[in-house]
Amino acid sequence: MLLPYNDINTNLEFQKQQLWTAIIQAKQDGLDNEEIIENVREALPNAMVSYAETVLKQIDFRTKLSRPVVKFNLEFLFQVIYESVIAGTNDDEILSVCAEHCTLNQYEFVRYALEYIHLNRMPSQWEQNNVYQKMIEIVSISPIESLFEYIESIKNIYLKQIGYEVVQENLYNLFLSNKETGYFTDLANKSRDKIIKNYCCRTAVLVARATGKPLDLKVTVNGSILLKEPKCLNSEIANNGIVSSNVLTMGQAGKLLVDTLEDFNINAKYVDAKNGPTFNRIRVKLGRGVSYKKVEDIGNDLVQQLGEELGLKVAPMVSVVPGGVVFDIPRLDRQFAYFRDYFTFEGEPDIYSVSIPGGVDVDGTYVEIPLYSDNVTHILGGGRTRGGKSQFEKAAILYLVRRYPPSVVRLALSDVKRVTFGKFDGLPHLVAPVARDAESTANLLDYLVEEMELRYQEFERHSSIETIAQYNSRFAPDCVMPRVICLIDECFDLLSDDNYCDRIETALMKLLAKAGGAGIHVLLYTQRPDKNVIDPLIRSNFPAKTAFVTTRPEDSCIILGDDKDKRAVYLLGYGDFLYKTTEVLRLQALYVADDEDPEYFQQLLLEAKNQNDPYTAWKSGLDFDEFVASLYGESNDNGKSKATTATKTKQSKTDFEGSFSFKVQLDEEARNSIMNLHQKGYQLDEIVKAVFNLSRQDGRSYKKFRNVVEEFLNNLKGGSEDDI
């Protein structure tokens, strides 16, 4: 490094200019900053060393500003950030890399994207289980206040919801341990989370009611508002206030929403608002000429604009209703609709109108699902894990077995996950033990098809009777034809089973086509409504749909049977669902709480087993065990089976298809083609495809012909060309 000559008489400014030139040359020669400073320190005075350090900082700053910057597509940038977060990269590393390669505007976008991803991303099942176990460990070794602090440190709304469930469970246990009211009010004061505060105060209210002591939780000792009692879901006395806001009334929130829509050039007028257990609904009337499409996907923009004012953390669902458009604003202190709060099971059941629980509407109205209605008959439902699907199914079963005796309602249950319906084994309402695999489910569905045929034969014996409703209106209560509710949980696994999917699909198509009139109702549920697995003919025959929260918009479209209806993506999980028949209702499903209050659950099951059954049920004479035995060709010693010609045909078909021992006549052309292709080195699969135009996707047909070709070629090798 060539430095300027150090002469005290030399002009200082001239020396600085020479030093500047020397430093520039040194940088071009590849010297780093430390080497340059070392050379300057050895040859020049301290004042020049300080000047050299300043020059180097200026050069580095200019270099950073003059570096080439790539202008990334924001969608691409968001996807890269999302993948990095999922891979476990911490925020500092992500921000450091983005600061190096992004513009300032892009860097600001990265910061907001990181916050959004942490808040809204769907955690993996492993992560959810891990957080749940961590919470259980905390409450097992520390006071519940430590759990509050851990939940407050979590950003993700789905993981927070797991924490809220753990809090409710532990508060319930503390309630049962006879803690004083003051204990729960103290817990409320120790938490900064509004939802946890609400849970603590709600528990304090329950303690006060149980002990008969008056309680006022509205004002603390310093005069500030603490929390209010939980709102009643009765529409007549519902409080006219947004629960997530201590300032805005519903009217003020509606006006704020309308003003915000105006900022997006959307003319609208506030109409009214309602309070529900899960969300608050604001209805507006769009101006003339304003298309619904302009507000259909505006949810994320509202989170950005009104997140603080309305307490929005997730995008609100936007829907069309008669007379306007509604915006469903999620409640931060959402309420559970407990099963036990809606039913007392007093009085005689209506044997002509069998129904199952639906849920609670936005105005607090309980909505039932009438299976006897022509708009229901069969139900297709689905949604991701923790959407509330299993709770909905258990509520339906528990209600049916407790409300109706076995002479009025029978159940056929399939649960391949083996964890949802096992609690109902042994009930007198079951036509067969709970099916736990594809084979037993196929047997159960075949049995229901045969039962359906026998019922229609019974209708034929009586003129002018076409449906179960007409039959029961004529003969009940002296003789009641029971309705059979077949509830299948996780049909994806069943329809993906290569050995039994054909039988299951065939039986389902028959039942969906005409079993509703015979009083046999199919309720089909799945977590993954794959359009390639659930046949369109099956999906199209469900007049009613129940869509719980989905991960993908496509899943929402499949469940609701509408290529444009993606609203299930915006549901909040934990029982929040859409019920679709001739219209679409958003409901909060009833929570059975079999894990929180097992005594109540077991009590209802015991009452269902021991309930009085004053009716005489019509019987087809078809016994399930004997029917299954006949399917597999087993002997029938007692001679009680009343199988029809259809049953015998089904038996022959099952044996026929199961053994593949039928004869296929290969004509001369087919044999020559097979031999020629085999001699050319074609594989067995390729030969079947070329000669018979069948592939593995054709299921059993492909297997039959493949076995025929394989045996034919084996006979050729043995010196025989006889047909099979």
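Sequential numbering from 1 along the given sequence is applied to the chain's residues. Nothing here was measured: the structure is a model prediction, and the numbers come from that model. Only this structure's heavy atoms are used, side chains among them; waters, hydrogens and symmetry mates stay out.
For the residue pair Asn443 / Tyr632, a side-chain donor-acceptor distance below 3.5 Å is found, with atom types taken as modelled. Side-chain contact, Ser464 with Arg474: a donor N or O sits under 3.5 Å from an acceptor N or O. Defined by atom type and a distance below 3.5 Å, a donor-acceptor pair is missing between the side-chain atoms of Ser556 and Tyr570. Judged by distance alone, the side chains of Gln470 and Glu466 never bring a donor and an acceptor atom under 3.5 Å apart.
Rounded to the nearest 0.5 angstrom, Leu512 CG and Ser540 OG are separated by 8.5 Å. The CG atom of Asp594 lies 5.5 Å from the CD atom of Gln391; values are rounded to the nearest 0.5 Å. Taking NZ from Lys566 and CE from Met317, the interatomic distance works out to 14.0 Å, rounded to the nearest 0.5 Å. Remark: Met122 CE to Thr385 OG1 distance equals 8.5 Å, nearest 0.5 Å. To the nearest 0.5 Å, the span separating CZ on Phe577 from OG1 on Thr278 amounts to 10.5 Å. Remark: Ile465 CD1 to Ser473 OG distance equals 7.0 Å, nearest 0.5 Å.
A salt bridge is defined here as a Lys NZ or Arg NE, NH1 or NH2 lying under 4.0 Å from an Asp or Glu carboxylate O, and Asp489 with Arg436 fails to meet this definition. A salt bridge links Lys514 to Glu453: at least one charged side-chain nitrogen sits closer than 4.0 Å to a carboxylate oxygen. Between Arg455 and Glu458 there is no salt bridge, since none of the side-chain N atoms of the basic residue sits less than 4.0 Å from a carboxylate O of the acidic one.
Side-chain contact check for Val409 versus Val401: every heavy-atom pair is 4.5 Å or farther apart. Residues Phe548 and Phe392 have side chains in contact (heavy-atom distance under 4.5 Å, counting atoms from C-beta outward). Within the 4.5 Å cutoff, side-chain heavy atoms of Val354 are placed close to those of Val408. You'll find the side chain of Lys394 stays beyond 4.5 Å of the side chain of Phe339, heavy atoms only. Counting only heavy atoms from C-beta outward, the side chains of Val584 and Arg567 approach each other to under 4.5 Å. Counting only heavy atoms from C-beta outward, the side chains of Phe421 and Leu413 approach each other to under 4.5 Å. Side-chain contact between Phe327 and Asn280 is absent, with no heavy-atom pair separated by less than 4.5 Å. Residues Val318 and Tyr292 have side chains in contact (heavy-atom distance under 4.5 Å, counting atoms from C-beta outward).
Atom NZ of Lys417 sits in a crowded spot, with more than 12 heavy atoms from other residues, nucleotides or ligands closer than 6.0 Å. Counting heavy-atom neighbours within 6.0 Å of Lys423 NZ, excluding the residue itself, gives a total above 12. Other residues, nucleotides and ligands contribute more than 12 heavy atoms inside 6.0 Å of the CD atom of Gln125.
Side chain of Asp437 to main chain of Val416: no donor-acceptor pair is present (N/O by atom type, distance under 3.5 Å, no hydrogens or angles). In terms of modelled atom types and a separation under 3.5 Å, the side chain of Thr506 and the main chain of Asp502 share a donor-acceptor contact. Counting only distance, with no hydrogens or angles, the side chain of Asn156 and the backbone of Leu159 share a donor-acceptor pair below 3.5 Å. Side-chain atoms of Arg410 come within 3.5 Å of backbone N or O of Leu430 as a donor-acceptor pair. No donor-acceptor pair under 3.5 Å is formed between the side chain of His429 and the backbone N or O of Ala412. Side-chain N or O atoms of Gln128 include one that pairs as donor or acceptor with a backbone N or O of Pro123 at under 3.5 Å. Under the 3.5 Å distance criterion, the side-chain polar atoms of His378 are matched with a main-chain donor or acceptor of Val522. Proximity of a side-chain donor or acceptor of Asn375 to a complementary backbone N or O of Pro543 within less than 3.5 Å is not detected. Using modelled atom types, no side-chain atom of Glu451 and backbone atom of Ser620 make a donor-acceptor pair closer than 3.5 Å. Of the possible polar contacts, none joining the Tyr342 side chain to the Pro357 backbone as a donor-acceptor pair under 3.5 Å is found.
Scanning both residues, Leu587 and Tyr579, for their nearest heavy atoms gives CD1-CB, 4.0 Å. Nearest heavy-atom pair across Pro482 and Ile468 is O-CD1, 3.9 Å. The shortest non-hydrogen separation linking Ala442 to Tyr500 is CB-CD2, 4.3 Å. Across every non-hydrogen atom of Leu312 and Pro316, the tightest pair is CD2-CD, 4.3 Å. Residues Tyr116 and Asn300 come closest through the heavy atom pair OH-OD1, 3.8 Å. Taking each heavy atom of Ile162 and Tyr132 in turn, the nearest pair found is CG2-CD1, 3.9 Å.
In this pair, Tyr399 and Phe345 present their aromatic rings tilted. The plane angle is within the 30 to 60° band. Relative orientation of the Tyr591 and Phe336 rings is tilted, given thresholds of 30° and 60° on the angle between their planes.
Pairs of residues two or more places apart, or lying in two chains, that qualify as salt bridge (Lys or Arg N to Asp or Glu O under 4.0 Å) and include a residue from residues 544-560 are Arg552-Glu554, Arg552-Asp555. Identified under the salt bridge (Lys or Arg N to Asp or Glu O under 4.0 Å) test for residues 374-386, with sequence neighbours left out: none. Applying the salt bridge (Lys or Arg N to Asp or Glu O under 4.0 Å) test to residues at least two apart or on different chains, the pairs with a partner in residues 569-585 are Asp576-Arg586. The salt bridge (Lys or Arg N to Asp or Glu O under 4.0 Å) analysis of residues 291-303, with sequence neighbours excluded, yields no pairs.
The salt bridge (Lys or Arg N to Asp or Glu O under 4.0 Å) search around Asp415 returns none, not counting sequence neighbours. A search for side-chain contact (heavy atoms from CB on, under 4.5 Å) contacts involving Lys274 returns Val362, Asp363, not counting sequence neighbours.
Two rings, from Phe343 and Tyr366, have their centers less than 6.0 Å apart. Proximity of the aromatic rings of Phe459 and Tyr456 is defined here by a centroid distance below 6.0 angstrom, and this criterion is met.
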